[in-house]
Amino acid sequence: MGCQSWIAKLDAYLDGELQPADAHAVSEHLRECAACAAESLSRVQMKRAVQIAGQKYIPDEAFRARVQSSIAPRRRLAWGRLWIPAFASLALLLIVGGSYLSLLNQRRSSQQLLSELADLHVATLASSNPVDVVSTDRHTVKPWFEGKIPFTFNLPELQNTPFTLVGGRVAYLSQSPGAELIFRVRQHQLSVFIFQERAAGDFAAGNSDQSAQSFTVRSWSHKGLRYFVVGDVAAADLDKLSDLLKAAQ
Amino acid sequence: MCVSERLPPESFEQLAMPLFERLYNFACWLTQDRHEAEDLVQETYAKALKGFSSFQAGTNFRAWIYKILRNAFLNSRSGLKSATVPIDGEDGESVLPAIQENPESILLQRNDWQLVQSALEQLPVAHREVLLLCEVEEMSYQEIAATLAIPIGTVMSRLSRARLALRSAVQGMQKPGEMKKS
């Protein structure tokens, strides 16, 4: 088969649309043919560039709220039908008050979010391939995230600290991609999650120290990003790593 | 995103809102105007909510709502204008005419995505949308076919032509010194 026939399959191959046998054949050819490999590299670069360039426009929160409220009335009715009978009377509702409910909802969603992060941390600990980029070098790990997540962040210098960077992976929270960075301190592993604020949803604003499933969590917000440090180490270690991360931003 | 059971109206918000940012981005690329894009997204959500009872459980919700957005765009003033821009015949071969016709394989620098952004803006809507659905939305050919209401073969040929057009546009914008041979 001439190179033209292989090139003809290249787009479908790179788009993941070839049958496994065909994909294997293309892959084998690319190993042997420098011209096709170069063409393949060029197309991969263009795919990547379009992927990054294409994520250009971000809606503002006010517009999102407007659209959400335009589709929400049905939900509110259902919400009312489910919850109002749960309260003994309207009087009790008034006593409890809207603010208390709002606080309760926020706490509940914060707790759910912390549990989700603890689950992600446990899954990382249990995984045989806990990180997608394995490196102790912050100058390797940070660039790896370029194009994979819609924001950037800085990593601290860890020399003369008890912490070692193990690597990183892309994590998802509320369908939003973010960074999960794994650090080691003595025999313990810590996960640092970084997400855009909107992914953290109703998470209680400001800095907070909380716990989930016996893991301790430190969280703070900086320039539209929310940081979570999750681990089972001493609080002092969590604070120290948090301070290093804050200082690096 | 596939669903296999009958969906209560309340689930519309759960299915539709996670796609909000992406739909808005796609709408901006189609219209090239943020105000028009907002109108388009709002219209899409209103239409999708109204038609949600007719949404067939078990089919692809994402393709369904993108299709609504695109149809709304095609009926808008910008959409009607874009429909008059002819796209080269799509019945021809479905692959990118390769190396001989386009001897300079371009190697992009890390920050060339801005160049690609400008090149994307120059493409006809039909090329831009198929590229965005494939690369940004990471839709399969089948999903793209459902969204654009065209056969998979046409998706492949349109993608090939769109990629060729994009490549030419990027090459045209790159300074000669920045272009590298493969």
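A side-chain N or O of A:Glu180 and one of A:Thr124 form a donor-acceptor pair less than 3.5 Å apart.
Residue A:Ala34 does not touch chain B at all, counting heavy-atom pairs closer than 4.5 Å. Proximity to chain A (any heavy atom under 4.5 Å) is shown, for B:Arg22, by neither the backbone nor the side chain. Within the 4.5 angstrom heavy-atom criterion, atoms from both the backbone and the side chain of A:Gln51 approach chain B. Both the backbone and the side chain of B:Tyr141 come within less than 4.5 Å of a heavy atom of chain A.
Ranked by heavy-atom pairs under 4.5 Å with chain A, the first of B:Arg128, B:Glu121, B:Gln142, B:Glu137 is B:Glu121. Between chain A and the residues B:Ala16, B:Ala46, B:Ala119, B:Cys28, the largest count of heavy-atom pairs under 4.5 Å involves B:Cys28.
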Show me the side-chain donor-acceptor pairs of residues 68-75 of chain B shorter than 3.5 Å, one per line, residues at least two apart or across chains.
{"from": "B:Arg70", "atom 1": "NE", "to": "B:Glu129", "atom 2": "OE1", "distance (Å)": "2.8"}
{"from": "B:Arg70", "atom 1": "NE", "to": "B:Glu129", "atom 2": "OE2", "distance (Å)": "3.0"}
{"from": "B:Arg70", "atom 1": "NH2", "to": "B:Glu129", "atom 2": "OE2", "distance (Å)": "3.1"}
{"from": "B:Asn71", "atom 1": "ND2", "to": "B:Lys67", "atom 2": "O", "distance (Å)": "3.4"}
{"from": "B:Asn75", "atom 1": "ND2", "to": "B:Asn71", "atom 2": "O", "distance (Å)": "3.1"}

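The side-chain contact (heavy atoms from CB on, under 4.5 Å) test applied to A:Arg66 returns A:Phe63, B:Glu38, B:Gln42, not counting sequence neighbours.
Proximity of A:Ile194 to A:Phe228: side-chain heavy atoms (C-beta onward) are nowhere separated by under 4.5 Å.
Annotation: B:Phe61 is in aromatic contact with B:Phe55 [ring centroid separation under 6.0 Å].
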